[in-house]
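Everything below concerns the one structure shown next.
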Amino acid sequence: MKLQQKIESEIKNAVEKIYGATLESVELQTTRKDFEGDITAVVFPMLRVVKGNPVQIGEAIGAFLVENVAEISKFNVVQGFLNLVLSDAYYLEFFNSVQDFSTFGKVPQGDTAIMVEYSSPNTNKPLHLGHVRNVLLGYSVAEIEKAAGKKVYKTQIINDRGIHICKSMLAWEKFGNEETPATTNLKGDKLVGNYYVKFDQEYKKEIQALKEIGKTEEEAKAQAPLIKEAQEMLRKWEAGDEETVALWNKMNGWVYAGFEETYKNIGVDFDFYYYESDTYLLGKDIIEEGIKKGVFFMKDDGSIWCDLTEEGLDEKLVLRSDGTAVYMTQDIGTAVQRVKDHPDVGGMIYTVGNEQDYHFKVLFLILKKLGYSWAENLFHLSYGMVDLPSGKMKSREGTVVDADDLIEQMTETARKISEELGKIDDFSIEEKEALYKMIGLGALKYYILKVDPKKRILFNPEESVDFQGNTGPFIQYTYARIQSILRKAGKVSTALDLTSIKIHAKEKELIKIIQQYPDTIQLAAENYSPALIANYTYDLVKEFNSFYQNVPILATDNEQEKLFRIKLSAAVAEVIKSAFSLLGIDVPERM
RNA sequence: GGUCUGGUAGCUCAGUUGGAUAGAGCAUCUGCCUUCUAAGCAGACGGUCACAGGUUCGAAUCCUGUCCAGAUCACCA
């Protein structure tokens with residue numbers, strides 16, 4: 001039984017015995033730092049069933065607990081708060097009981113799988129900072145769910161078809177002079193992205209020209225020759241025109257190669273891919289079934305709708321009057337297809353920006369109405385946009401922070417700081433480069449993941465991401481510091497003699513925080529929140545550094561205490577490494 | 001206009017079943033490297049928790065209204 005539960009039932013016991021009253025529940029919390037104690041019971045709520053002075057009641061319960069719970073050594077009462085002090089032995093025994101801190105807190109994988117979708121890029125342009133937030137969030141949540149015992153499939157849907165890619169294709173055909181990634185020495189996604197921008201520039205010129213001869217903005221946008229050609233190209237693609245499909249294949253191929261490079265750069269991976277070109281026709285048969293089930297209805301013009309007015313929403317179109325699919329149709333189809341492909345999937349997480357909150361609300365409702373069991377376990381991992389001081393990022397206008405450039409920039413900052421400090425001058429070039437990248441990525445990932453996903457991020461490229469304080473590099477640094485100690489300590493295999501160790505207040509704090517790690521993983525999994533892991537790690541690391549600077553580890557006379565401190569430091573390092581792996585951040589042996 | 005999300009120190013953020021004097025980092029200022037890595041530690045300064053009501057022993061947290069910011073409400077994707 002967990003200690004918390006034990007205390008809870010003993011408090012109920014105490015109230016029963018002393019006052020003859022029955023408590024429904026007991027409110028426990030961790031004791032605030034300014035007071036002596038580890039666990040605090042709040043007396044106020046008890047006043048409902050026990051009449052009297054809260055301080056006296058606290059004293060009475062406290063005395064009872066010290067008497068009856070071995071782990072509680074002392075207590076004090078401040079106002080209506082009963083602060084319980086746990087014995088050193090309790091902490092030492094807990095610490096000693098953990099066999100392996102590298103797996104501590106992680107739950108073995110269960111049978112039901114959850115599918116996590118993230119990234120989902122369009123193939124007409126390179127990945128930018130917005131995608132980076134998406135990818136980091138999705139990857140991290142996938143890792144957290146795994147640690148919490150779920151089987152996880154990471155996937156993405158690649159939006160490889162549609163008018164956007166046709167725009168890039170058309171511009172390349174017209175203005176490209178047969179350029180390829182090889183001839184230009186450009187990453188494929190960058191090359192294709194350039195032509196997307198090129199299309200927009202030329203298109204705007206045409207619009208301007210049409211406006212000058214008296215057309216309205218709207219007319220000009222619809223009638224410009226370039227957009228008509230692009231639309232024609234999309235029609236040809238849908239008809240399977242050989243030349244168009246060949247060009248599409250060629251340019252998408254360039255883009256995929258570019259994306260893979262970026263994913264590798266960021267350090268994320270996928271178990272399998274879905275392509276919109278394969279899935280965009282899915283879902284129509286499900287709509288048919290849905291009509292039979294009475295989930296959907298047909299209007300006079302033949303269009304199919306879902307009535308969500310009872311749920312407080314509008315009617316939603318699921319099939320056009322001409323029988324063609326809309327976005328919702330293929331999302332329904334794709335979800336169903338995924339479970340067909342992987343029957344163990346019992347739920348899905350979609351990592352998609354908050355601009356699509358409404359879409360997913362509707363999608364999930366419809367899937368529930370259709371009666372799929374897994375529809376109860378769908379979650380839209382919605383996140384706020386990443387904006388620049390100048391406003392929204394727009395690929396067409398080139399006002400984006402490119403993912404590759406950003407990583408490069410962070411790596412450079414890490415290099416600069418590292419070279420100034422000069423602690424790793426003996427590293428080889430390769431070792432140095434790997435370290436700079438690890439630190440640069442650590443800074444970036446932590447910077448993004450420590451923020452609650454729902455909040456929008458304002459990213460100012462002029463102000464660099466911090467490397468000090470509550471940052472990835474600070475935590476990496478602490479890990480490296482511990483490794484340095486462990487190297488100096490050499491091999492220590494002796495078992496601890498718990499009775500001869502006098503525990504220091506800082507050590508006790510550290511064990512307390514370590515003890516919270518399993519709950520933190522569960523909480524982060526329930527809330528789909530890497531931020532909880534990030535904040536936890538920071539608390540742990542901050543406490544360790546305070547310990548490190550105030551308590552000698554190796555320079556201790558008492559051999560048992562020295563051994564304990566070494567083992568404690570090693571445990572902290574393992575937890576840091578473990579927690580950071582849930583964020584997708586690596587930790588260095590030296591820095 | 002309807003709906004959803006956010007508003008906490010100059011800046012970036014914590015604060016998850018309502019609990020004690022609202023916490024960190026950055027920035028500013030003080031100390032600390034002949035002792036385990038100073039990307040650190042110890043401390044100072046800094047708050048009408050957007051605003052106004054309400055619920056109660058107790059509200060940053062729950063409810064109502066207002067203000068501000070963003071998103072969304074297409075036979076677009």
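This one's a predicted model, so the numbers in the text were calculated from it and none came from an experiment. Throughout, protein chains are lettered first and strands after them, A, B, ... in sequence-line order, and every chain is numbered starting at 1.
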### Message
Need the glycosidic conformation of rC57(B): syn if within 90° of 0, anti if not. Which one?
### Response
anti
### Query
At under 4.0 Å, does any side-chain N or O of S546(A) touch on OP1 or OP2 of rA42(B)?
yes
### Message
Give me the distance, rounded to whole Å, that separates rA22(B) from rC49(B) when you measure between the C1' atoms they each carry.
### Response
7 Å
### Query
Has R320(A) got a side-chain N or O lying under 4.0 Å from the OP1 or OP2 atom of rA77(B)?
yes
### Task
Look at K454(A) and rC4(B) and indicate whether a side-chain polar atom (N or O) is within less than 4.0 Å of OP1 or OP2.
no
### Message
Roughly how many Å apart are rC13(B) and rG31(B), using the C1' atom of each and rounding to a whole number?
### Response
27 Å
### Query
Is I163(A) touching bases, backbone alone, or none of the nucleic acid, heavy atoms closer than 4.0 Å?
nothing
### Query
How far, in whole Å, is rU55(B) from rC73(B) if one measures between their P atoms?
40 Å
### Query
Are the ring centres of F547(A) and F544(A) closer than 6.0 Å?
yes
#### Entry: Sugar-phosphate only, base, or nothing, as touched by S418(A) at under 4.0 Å among non-hydrogen atoms
base
### Task
Might you point out which heavy atoms bring L388(A) and L458(A) nearest each other, and give the distance in Å?
O-CD1, 4.0 Å
### Task
Could you tell me whether F379(A) and F364(A) have their ring centroids closer than 6.0 angstrom?
no
#### Entry: Phosphate contact (rG25(B) OP1 or OP2) by K450(A) side-chain N/O below 4.0 Å
no
### Task
Tell me what K423(A) touches on the nucleic acid: a base, only sugar-phosphate, or nothing, going by heavy atoms under 4.0 Å.
base
### Message
What's S321(A) touching, base or sugar-phosphate or nothing? Going by heavy atoms closer than 4.0 Å.
### Response
base
### Query
Just the dot-bracket of RNA chain B, please: which string comes out with Watson-Crick or G-U pairs under 3.5 Å, [ ] for crossing, | for another strand?
(((((((..((((.....[...)))).(((((.......))))).....(((((..]....))))))))))))....
### R32(A) side chain near rA20(B) phosphate (N/O to OP1/OP2, under 4.0 Å)
yes
### Query
Is Q79(A) touching bases, backbone alone, or none of the nucleic acid, heavy atoms closer than 4.0 Å?
nothing
#### Entry: Length of the line joining Y538(A):OH and rG40(B):P, which is rounded to integer Å
9 Å
### Query
Under the criteria of a ring-centre distance below 5.5 Å and an interplanar angle below 30°, is F474(A) stacked with the base of rG40(B)?
no
### Query
Roughly how far apart, to the nearest Å, are rA9(B) and rU72(B) at atom C1'?
33 Å
#### Entry: Donor-acceptor pair between N558(A) and T556(A) side chains, under 3.5 angstrom
no
### Query
If you measure from the C1' atom in rU12(B) to the same atom in rG47(B), how many Å do you get, rounded?
16 Å
### Summary
Per nearest nucleotide of RNA chain B, the residue lying toward the 5' end, E27(A) or P473(A), is E27(A)
### Task
Verify the stacking flag for Y477(A) against rG40(B): centroid separation must be under 5.5 angstrom and the ring planes must differ by under 30 degrees.
no
### Message
Is the base of rG40(B) stacked against the aromatic ring of Y548(A), taking ring centres under 5.5 Å apart and planes under 30° as the test?
### Response
no
#### Entry: NZ or CZ of R161(A) within 45° of Y280(A) ring axis and under 6.0 Å
yes
### Query
Rounding to the closest angstrom, what is the interatomic distance between rC68(B) and rA50(B) at atom P?
16 Å
### Nucleotide rG19(B), atom P - distance to CZ of F44(A) in whole Å
13 Å
### Query
Counting just side-chain N and O atoms, does R565(A) come under 4.0 Å of either OP1 or OP2 of rC36(B)?
no
### Query
Expressed as a whole number of Å, how far does the P atom of rU3(B) sit from that of rA74(B)?
16 Å
### Message
Using a 4.0 Å heavy-atom cut-off, does P54(A) contact any base of the nucleic acid, only the sugar-phosphate backbone, or nothing at all?
### Response
nothing
### Query
If you measure from the Lys or Arg side-chain nitrogens to the Asp or Glu carboxylate oxygens, is any gap between R320(A) and D322(A) under 4.0 Å?
no
### Query
So what does E276(A) hit on the nucleic acid, given a heavy-atom distance under 4.0 Å: a base, only sugar-phosphate, or nothing?
sugar-phosphate
### Query
When we call it a touch if two heavy atoms are under 4.0 Å apart, what does D331(A) touch: a base, just sugar-phosphate, or nothing?
nothing
